[in-house]
Colleague: 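Take this structure, written in structure tokens, and hold onto it; I'll ask about it next.
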Amino acid sequence: MSLTLCYWGVRARGEIPRYLLRYSGVDWKDDRLPPDGTGFARWGAEKFNLGLDLPNLPYLIDGDIKVTQSLAVMRYLGRKFGLVPGDAEKDIVKCEMIEQEAMDLRADFQNLCLDKDFEQKKAGYIEKVGGKLGLLN
């Protein structure tokens with residue numbers, strides 16, 4: 001198994017790369033750091049010893065290719081598994097716009113979940129998401 005994805009043991013910026021890896025069907029290691037003192041200590045001890053150009057989480061190691069930052073990891077996996085449409089710049093740009101829209105949706109959902117007025121704002125969020133998803137159809 002040459003693919004390893006490492007991120008905190010929470011759903012956040014590491015989750016979409018996890019989805020892509022599951023979708024691909026390849027064997028990979030899901031290295032989840034506990035979001036506590038143990039995980040912080042491990043990451044602090046390892047991050048400058050992994051050969052990462054820009055040590056950060058999530059990181060993906062695929063043989064001699066080492067990628068950090070969630071967006072860079074997603075783009076790499078998209079190319080690796082043939083999920084990027086064609087070679088035409090127009091198609092690539094459209095794919096990148098959809099990718100960023102998905103990131104915005106994730107951020108909006110995270111903000112809603114953390115909002116103390118979740119119940120009051122939920123219906124507005126669902127309406128807004130419906131409109132955005134309709135644009136992606």
Colleague: Taking the side chain as everything from C-beta on, heavy atoms only, tell me whether Y76 gets closer than 4.5 Å to F81.
Modeller: no
Colleague: Can you sort out the partners of D91 under salt bridge (charged side-chain N to carboxylate O under 4.0 Å, His left out), two or more places apart, ordered by chain and number?
Modeller: none
Colleague: Suppose we screen for salt bridge (charged side-chain N to carboxylate O under 4.0 Å, His left out). Which residues come up paired with K122, at least two apart in sequence or across chains?
Modeller: E119
Colleague: Count the heavy atoms belonging to other residues, nucleotides or ligands that lie under 6.0 Å from CD of Q120, then report whether that count exceeds 12.
Modeller: yes
Colleague: Could you work out, with salt bridge (charged side-chain N to carboxylate O under 4.0 Å, His left out) as the rule, every residue matching K128, not counting sequence neighbours?
Modeller: D108
Colleague: In the hydrophobic clustering (ILVMFWY, side-chain contacts below 4.5 Å, transitive), which residues join V84, or is it alone?
Modeller: I92
Colleague: Determine yes or no for a side-chain-to-main-chain donor-acceptor pair under 3.5 angstrom, with D115 supplying the side chain and N111 the backbone.
Modeller: no
Colleague: Pairs under 3.5 angstrom only: tabulate donor-acceptor contacts from the side chains of residues 46-54 to other protein residues two or more places apart or in another chain.
Modeller:
residue, atom, partner, partner atom, Å
E46, OE1, R42, NE, 3.3
E46, OE2, R42, NE, 2.9
N49, ND2, A45, O, 2.9

Colleague: Going through the checks in order, is the salt bridge (charged side-chain N to carboxylate O under 4.0 Å, His left out) test met by R106 and E15?
Modeller: CA-CA 10 Å; R106 184 206 58 80; E15 200 62 21; over 6 Å; no
Colleague: Check whether more than 12 heavy atoms from other residues, nucleotides or ligands sit under 6.0 Å from atom CZ of R11, and answer yes or no.
Modeller: no
Colleague: Taking the inter-plane angle between the rings of Y125 and F109 on a 0 to 90° scale, is it parallel (under 30°), tilted (30 to 60°) or perpendicular (over 60°)?
Modeller: tilted
Colleague: Report the residues that fulfil salt bridge (charged side-chain N to carboxylate O under 4.0 Å, His left out) with R79, sequence neighbours left out, ordered by chain and then residue number.
Modeller: none
Colleague: Can you tell me if F118 has over 12 outside heavy atoms packed within less than 6.0 Å of its CZ?
Modeller: yes
Colleague: Using the side chain to side chain contact (heavy atoms under 4.5 Å, CB included) rule, take L3 and D27 through it: C-alpha gap first, then chi angles, then the decisive distance, then the call.
Modeller: CA-CA 7 Å; L3 276 167; D27 288 332; over 6 Å; no
